[in-house]
Amino acid sequence: MNTKFGRKFLEYCTTSMINNERYNARECEAKWQKTWQDANTFRVENDSDKEKYYVLEMFPYPSGRIHMGHVRNYAMGDVVARYKRAKGFNVLHPMGWDAFGMPAENAAIENDVHPAEWTYANIDAMRGQLKSMGLSIDWSREVATCHPEYYRHQQAMFIDFLDAGLAYRKESKVNWDPVDHTVLANEQVIDGKGWRSGALVEQRELVQWFFKISDFSEDLLETLETLERWPDKVRLMQRNWIGRSQGVQMSFALRNLPDTIDETSIELYTTRADTLFGASFCAISPDHPLSSKLAEHNAEIQQFIADCHRLGTSQEALEKAEKRGLDTGIKALHPFDDSVELPLYIANFVLMDYGTGAIFGCPAHDQRDLDFARKYKLNVTPVVIPAEEDPDTFTIGTQAYIGEGRLANSRFLNGLTIEDGKLKAAEKLESQTLDGKPQGARKTNYRLRDWGVSRQRYWGCPIPVIHCKTCGTLPVPKSDLPVKLPDEITRDKPGNPLAHHPTWKFVTCHKCNGPAERETDTFDTFIDSSWYFARFCSPRADTPTELDAVNYWLPVDQYIGGIEHAILHLLYSRFFTRAMKITGHVGLEEPFEGLFTQGMVTHETYRSNGGNWLSPSEVQISGDGDNRRAVEIASGDVAAIGNTEKMSKSKRNTIDPSDILEDYGADTARWFMLSDSPPERDVIWTEAGVEGAHRFVQRLWRLITDLAASQQTFVSTAEKIDPEKILALRTSTHKTLAAVGNDIEGLRFNRAVAHIYELTNTISAFAASFGGKMEVSALGAYKEACEVLIQLIGPMMPHLSEECWRALGKSTMLADQPWPQAEEELLVEDSIVMAVQVNGKRRDELSVKKSTAKEEVESLALKLDNVIRAIDGKPVRRVIVVPQRIVNIVV
RNA sequence: GCGGGCGUGGUGGAAUGGUAGACACACAGGACUUAAAAUCCUGAGGACGCAAGUCCGUGCGAGUUCGACUCUCGCCGCCCGCACCA
């Protein structure tokens, strides 16, 4: 060990200042950031012999300032990136900007500034803030989605998608956000309100571009199983969102139709073919084609449909609406008994865009159908009888029975289980014919619908197509890309400035040279973020991707972001990657191998006497526990302490990261974000917590400078030291090293932090026990422990650790240092402490050699005083010895 | 309504079925200081006890086990997702 004791270190210690100076985070952080930048430390190349590792945090929207959520997200990603780098991987850790979107347009309207100008200024500001966090990012790969050099490739890929039949245009009823004047995807409608504006969403008919994500429903669903390094929660959410159901699509013959109707049958979909004998009505959606046809000659139906639509302007109202229906007078014939005629209703609760827009109602076993049947006094015949009930007496009250049971009142299905009944009914329907076709077929349906991507906005990627009166809708030739947004826009009219632009949309058709118009819609910004991870692999390439680069880097090994993207962004990206594979832009289908969703950053909320929200800086907190009080500083009045909630501007409970970076430095902020709370859970931001983190920064610095001080006072011929004491320190050092590595690999940052605290405590106690006079072998262990400690905190507090590394006499950069290796023989301890229980209660403990035989452990345990007392003379029935763990004596 | 998750000191939290409360924050007492800050030391789940120690204790109630924060079942509470998807 003495040989490890470098001359350089000795020299350093005698020449450097050894004092109690406080660590100056501001100076040191700036210094190291510059050092890394000048040395291109985090620049990464695509050709390397090293194994690759791609760490990605969800890129930010350039709002202008980073928030605490970013600090947490990027601190976590940076730990992984720096750690993997030290482990010898070629690490890709890029950053970019999700730069298109509505806030830029809103700012443009409010502040009379161009969206581009606003966005690029924000990017500059935020880049500066992120850089001050000391992230190990390869900034040379930065991209901004609003830049033509980014979106021109997106346009090229769209044209490829179009050619491959992955995109199409159709008129459809869309979710219209009346505040933002734009269309929203189903996923963007939350509780009937726009995800961004919060306005009640209306239904409108518009011609829109769609991506055929629904063609991939099965694949997207099935492949979820293989995403083992994704949180179960996210996989489940996607599974539910895709919503597969297996059932039967079948036709019912119609009778008693008005003369104006040609149809003789109607298609409907069910997952409960076993309950067909319990059917008491059929119903179609107000939007069903048959409803429209019937309405043409029937004022009552017209009125009813209009009523449904009026209600339907808000999905929220629709959900709460009472079930209503209108009997058309038409009869649907039961497929297993055409003497049974079921009334056909138009009903407000039947959805047009699921299944066929038509159902049969079995009130006994479906709550919606039951509600409807009770209202319109229709039959309720139970056909599934629970095991403990008698088929002759079982009746349905106000609750439909949806549990298990045996079929009854169902002729050839009687006695079967639900599953067998479904099968037999389906087979029967398949064997029957109606109008020369099989009357039914098994069919799988999905809740997932195609992705509508047209937006009526200016600040987005222009959809690269033109509309020619002669030639129709044509993609813009790739050689003409990018279709750039016009710089000059006016905002004198509401809606999309592209549509109102005096010249931009007027073009000559490249096919017929006639007059044509550009598409004035732009893409949903979720497209921008559906492939940025691929662009980072070769961000300046002339094509959207370079196959060599994407095949080397993808998939992303560790993706980190908020749970709020569990469905939208992650599902779109999975689809987009498949579409890119089909069109030859990538060689794989799943972009994210490992996914981690971090929790939110929360803070207490405060309200003034008058009920206004107060920011944390406006209140003074005192007391503790039940005596905790908040006082509004300005008025001196008592303020109410509210719930701890996600930081938000509206509740004014935000903490600006730049204040924290300024006051305490990046390392303190990073450390605090990583300690205490498990990363997937919410973390509560507290002033005390930050101060605690900062104290640790100072304490580490002191520890390292103290080491240098010990160096000067060490005694070479000291009194004998207990070698056990040195071994104990070395054991702690190497055990901590192993544990922290495991914790970082598993993203358990809070536990890594706890282990680091423990080692720090151990080192401090060790050093203190020598009273400033340390013998040389002890100093070696001390120094080793400190070096390991500094390397362990390297990924978390990169600036402090560089500075400490330097103070330890190293001339290398810690960022270039390989991760230390734990010495195996120190990890296995020779003697262990086993707990001894009597009847499952701990009574004593026993220190034995690891190799001690079971029998010996048993006899030693039985001799312990506390154990004898606990046994209290009772006969010992059994002794359980779990090697290296525990002894349990049963009396 | 359906699906999922969580419930451990004053607080954040730790614990492959094997010594519950590691580590941190807050708190209290002490040392240093003219004083404060900073720092260092000590204490602490609850009850009883001078102490050794004993009993109780991981939302509640059962169960499996030599042994349960951990597994099973039933409740209660909180959080999240989906929601007329037939």
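Throughout, a chain's letter reflects where its sequence line sits, starting with A, and its residues are numbered from 1. Every value quoted in this text rests on a predicted model; they were computed, and no experiment measured them.
At the heavy-atom level, Val836(A) lies nowhere under 4.0 Å from the strands shown. At the heavy-atom level, Ser675(A) lies nowhere under 4.0 Å from the strands shown.
Judged as a salt bridge (Lys or Arg N to Asp or Glu O under 4.0 Å), and not counting sequence neighbours, the contacts of Asp274(A) are Arg272(A).
Distance check on atom P: A35(B) versus A47(B) gives 35 Å, rounded to whole Å. Between G10(B) and C6(B), the distance separating the two P atoms is 23 Å to the nearest Å. For the C1' atoms, the distance linking C56(B) with A20(B) amounts to 14 Å, nearest Å. Comparing A14(B) with U19(B), their C1' atoms sit 14 Å apart, to the nearest whole Å. Nucleotides G1(B) and G61(B) have their C1' atoms positioned 27 Å apart, rounded to a whole Å. To the nearest whole angstrom, the two P atoms, one in U72(B) and one in G7(B), are 14 Å apart. The gap from the P atom of C73(B) to that of C78(B) amounts to 23 Å, rounded to the nearest Å. Comparing the P positions of G43(B) and C55(B) gives a spacing of 24 Å, expressed to the nearest Å.
Residue Arg239(A) has no polar side-chain atom (N or O) positioned under 4.0 Å from OP1 or OP2 of G4(B). Not one side-chain nitrogen or oxygen of Arg681(A) sits closer than 4.0 Å to the OP1 or OP2 atom of G5(B). For A86(B), one of the phosphate oxygens OP1 or OP2 lies less than 4.0 angstrom from a side-chain nitrogen or oxygen of Ser245(A). At least one side-chain nitrogen or oxygen of Arg878(A) sits closer than 4.0 Å to the OP1 or OP2 atom of C66(B).
Across all strands shown, C55(B) pairs with G46(B); the Watson-Crick or G-U wobble distances both stay below 3.5 Å. The partner of G1(B) is C82(B), judged by Watson-Crick or G-U wobble contacts that both fall below 3.5 Å. Across all strands shown, A38(B) forms no Watson-Crick or G-U wobble pair with both key distances under 3.5 Å. Across all strands shown, U19(B) has no partner, as no Watson-Crick or G-U wobble contact with both distances under 3.5 Å is found. The nucleotide C32(B) finds no pairing partner, because no Watson-Crick or G-U wobble arrangement with both distances shorter than 3.5 Å includes it.
One can place CG of Asp706(A) at 11 Å from C1' of U39(B), the figure rounded to the nearest angstrom. The distance between atom CD1 of Ile242(A) and atom P of A83(B), rounded to the nearest whole Å, is 14 Å. In this structure, the NZ atom of Lys841(A) is 12 Å from the C1' atom of G67(B), given to the nearest Å. Atom CE of Met237(A) is separated from atom P of C82(B) by 6 Å (rounded to the nearest Å). Atom C1' of nucleotide A14(B) and atom CG of Asn761(A) are separated by 15 Å, given to the nearest angstrom. In this structure, CG of Asn839(A) is placed 10 Å from C1' of G67(B), rounded to the nearest angstrom. Atom pair Arg885(A):CZ and U19(B):C1' shows a separation of 12 Å (rounding to whole Å applied). Between Ile684(A) atom CD1 and U11(B) atom C1' there is a gap of 8 Å when expressed in whole angstrom units.
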If you restrict it to nitrogen or oxygen atoms, what contacts under 3.5 Å exist between nucleotides 68-78 of chain B and the protein, and what is each distance?
none

For nucleotides 48-54 of chain B, give me every protein contact, N/O to N/O, under 3.5 Å, one pair per line with atom names.
none

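Within a 6.0 Å sphere centred on CD of Glu218(A), heavy atoms belonging to other residues, nucleotides or ligands number more than 12.
With A20(B), G67(B), C25(B) as the candidates, the nucleotide lying closest to the side chain of Arg842(A) is A20(B). Looking at the side chain of Lys233(A), the nearest of the listed nucleotides A86(B), U19(B), C80(B) is C80(B). Considering only the side chain of Pro678(A), A14(B) comes nearest among G18(B), A14(B), A86(B). Considering only side-chain atoms of Tyr757(A), the nucleotide from A24(B), U16(B), G18(B) that sits closest is A24(B). When the nucleotides C23(B), G81(B), G4(B) are ranked by their closest atom to the side chain of Leu236(A), G4(B) comes out on top. When the nucleotides G18(B), C66(B), A22(B) are ranked by their closest atom to the side chain of Ala754(A), A22(B) comes out on top. If you check C82(B), U19(B), C40(B) against the side chain of Ala835(A), the one that comes closest is U19(B). Of the candidate nucleotides G81(B), C40(B), U16(B), C40(B) has the atom nearest to the side chain of Arg702(A). You'll find that the side chain of Ala688(A) is closest to C25(B), out of A86(B), C25(B), G18(B). In this structure, the nucleotide among G13(B), C23(B), A86(B) sitting nearest to the side chain of Asn750(A) is G13(B).
Phe281(A) and Tyr376(A) have their aromatic ring centers separated by at least 6.0 angstrom. Aromatic pair Tyr572(A)/Trp241(A): ring centres not closer than 6.0 Å. Phe672(A) and Tyr664(A) have their aromatic ring centers separated by at least 6.0 angstrom.
Checking side-chain atoms of Asp844(A) against main-chain N and O of Val836(A) turns up no donor-acceptor pair under 3.5 Å. A distance-only check finds a donor-acceptor pair linking the side chain of Gln367(A) to the backbone of Ala400(A) [under 3.5 Å].
Neither side chain, Ser675(A) nor Tyr757(A), offers a donor N or O lying under 3.5 Å from an acceptor on the other.
The CG atom of Leu276(A) sits 12.0 Å away from the NZ atom of Lys422(A) when rounded to the nearest 0.5 Å. In this structure, CZ on Arg72(A) lies 10.0 Å from CZ on Phe749(A), to the nearest 0.5 angstrom. Atom CZ of Arg239(A) is separated from atom CD of Glu225(A) by 5.0 Å, given to the nearest 0.5 angstrom. The CD1 atom of Ile563(A) lies 8.5 Å from the CG atom of Leu570(A); values are rounded to the nearest 0.5 Å.
Both cation-pi conditions hold for Lys323(A) and Phe349(A): the charged atom is under 6.0 angstrom from the six-membered ring centre and inside a 45 degree cone around its axis.
Glycosidic conformation at G9(B) (O4'-C1'-N9-C4 for purines, O4'-C1'-N1-C2 for pyrimidines): syn, within 90° of 0.
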